[in-house]
Protein chains: 2
Amino acid sequence: MRIGELSRRTGVPVPTIKYYVREGLLPPGELSSPNQARYDETHERRLRLIRALLDVGGLKVAAIAEVLQAVEEPDRPLHKILGTAADRLGPRHGETEDEAQSEARDTVSELIARRGWRVDTDYPAAADLAHALAALDRLGHGAFAELLDDYADAAEQVARADLDYVDRRVAVEDLVETAVIGTVLGEAMFNALRRLAHVDRSARRFGAPEHEADEPEEADRAEGTDGADGSGGSDGADGSDG
Amino acid sequence: MRIGELSRRTGVPVPTIKYYVREGLLPPGELSSPNQARYDETHERRLRLIRALLDVGGLKVAAIAEVLQAVEEPDRPLHKILGTAADRLGPRHGETEDEAQSEARDTVSELIARRGWRVDTDYPAAADLAHALAALDRLGHGAFAELLDDYADAAEQVARADLDYVDRRVAVEDLVETAVIGTVLGEAMFNALRRLAHVDRSARRFGAPEHEADEPEEADRAEGTDGADGSGGSDGADGSDG
DNA sequence: GTGGATGGATAGTGGCGCTATCCGCTATCT
DNA sequence: AGATAGCGGATAGCGCCACTATCCATCCAC
């Protein structure tokens, strides 16, 4: 297909596609003439991946370029690429050599050791965690770190589910791409779920009594009852809480 | 104290503090003269909160302004404010009335109903979740949604821990601020933990052999040294999935 | 009473994700 | 063959955002 159709199929404007090619996110089309290029489904797929990483995952264009370059090389060990992807997710923060900071780093090291995780202490995600803990500490909420093991339990659960999924898919699709997608979109998914669970629990605890009650005081949520019935064909995958 | 000391204590440049005041993130200092203002610990605290929300939480300045305005009003029900905070966390996405989109919305509704969560289906976090699911679907990973209940279990666990913490702190500190901090920084914390858990599990599964080996086979993050193979051997041509 | 800090206001900067425009070429329709 | 639409490639510009620089009149400390 040509660029116009690629644009139509994906909803991405043509100049934007050109921009992605320029930035190295998308491989250029195969030239059939000096100024005529062809694109195929791999481009379409890649383009959708880019948009997902961008819109849902919140990655920056430069970060996506790095991740996708890693995806291109199947030689590298998976956990490295996963790291590359995940590392680009976190916020980039300058060095703030604080007391809270070094203390937080120790806490992270202890946690990693305690759980027997096979990760380096200087892993970017570890630094992110330390940053969060340090910020908590500076805000007088160092006690929030007491929840670390609860959080880690949940994180392990999720990670297990993710890897199981990757395992299941490994033969079918590109392993690395699957892992990237799972890492990035899974994060967005979990964050949304956590926010929903927060609202639910705080409604239960502070808001309404047992019976359903919707405060009419500020019902600016409006009602969004979409008439579509269409029972989904989802199987009853019961959550096996373990 | 005056603005200079506030700056020194927090590490935030004076012009930036002025900027925050202009943007409504930080209340102005108390004027003792027409052009002389005093700041106190509440300002310092607020400033640290702003930086945490900005650097660690990744919120935008405008979003922080909204959240903090909600924090100022203790009348509003907590779960509303929590919602306000959480809603500003997610990515803003335009309307992409897709098939995947509406299908995803249904999936979300079912999930909420299935778990008995007291949240509206059109809650922003629900929309975020639907967006993530729709993106997954478009990428051919609709099956990832099978993990939803696993994810939701973990999310509930985390939310329970968070609310317990808020409960514990409620008498001591400002409730709403605590909730905001927990929501935002907790998210950063969990995401980092999840990435660490990912690396751990994928190292176990794809990297090192089963027995616990403290010594990593590749201690450095540097790429290039991928001589060690034996795992994978996935040379398969790129996704000829169609 | 002098010099440096302060408050307040306005304008400018740099990064980022696009977007607009231009040019010469090419595929396709008639 | 000629008209017309689209294309590839390159460059410049836009809009948003989080600051940052400058200016000026005032104030406080020494």
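Just so it is clear, the values below take in all heavy atoms, side chains as well, and ignore hydrogens, waters and symmetry mates. Model, not experiment: these values are computed from the prediction. Throughout, a chain's letter reflects where its sequence line sits, starting with A, and its residues are numbered from 1.
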Partner residues of Y19(B) under the ring pair (Phe, Tyr, Trp, His ring centres under 6.0 Å) criterion, sequence neighbours left out
none
Could I get the full list of ring pair (Phe, Tyr, Trp, His ring centres under 6.0 Å) partners for Y39(A), not counting sequence neighbours?
H43(A)
The answer to which of K18(A) and N35(A) contacts DNA chain C further toward the 5' end, by nearest nucleotide, is K18(A)
Can you name the residues that form a salt bridge (Lys or Arg N to Asp or Glu O under 4.0 Å) with [X], not counting sequence neighbours?
| X | result |
| --- | --- |
| D40(B) | none |
| E103(A) | none |
| E66(A) | R88(A) |
| D137(B) | none |

Could you list the residues that satisfy side chain to side chain contact (heavy atoms under 4.5 Å, CB included) with A161(B), not counting sequence neighbours?
L147(A), D150(A)
Can you sort out the partners of A52(B) under side chain to side chain contact (heavy atoms under 4.5 Å, CB included), two or more places apart, ordered by chain and number?
A135(A), L139(A), L185(B)
First and last nt of DNA chain D near chain A, cut-off under 4.0 Å to heavy atoms, 5' to 3', are dG6(D) to dT11(D)
Nucleotide dG7(C), atom P - distance to CD1 of I17(B) in whole Å
9 Å
Distance check: side-chain N/O of S33(B) vs OP1/OP2 of dG7(C), anything under 4.0 Å?
no
Which of dA27(C), dG7(C), dC18(C) is nearest the side chain of L31(B)? It is dG7(C)
Please tabulate, one pair per line, each protein N/O and nucleotide N/O from nucleotides 11-17 of chain C that are separated by under 3.5 Å, including the distance.
unit_1: dG17(C); atom_1: OP1; unit_2: V61(A); atom_2: N; d: 3.3

Listed once per pair and sorted, the side chain to side chain donor-acceptor pair (under 3.5 Å) pairs that draw on residues 1-15 of chain A, sequence neighbours left out:
R2(A)-Q36(A), E5(A)-R9(A), R9(A)-E44(A)
Could you tell me which non-hydrogen atom of R138(A) sits nearest to which non-hydrogen atom of Q101(A), and how far apart they are?
NH2-OE1, 3.4 Å
Could you pull out the closest heavy-atom pair between A192(A) and D128(B), with the gap in Å?
CB-CB, 4.1 Å
Which part of the nucleic acid, if any, lies within contact of P34(B), taking any heavy atom under 4.0 Å across all strands shown: a base, the sugar-phosphate backbone alone, or nothing?
sugar-phosphate
Within residues 36-43 of chain B: residues closer than 4.0 Å to DNA chain C (heavy atoms):
Q36(B), A37(B), Y39(B)
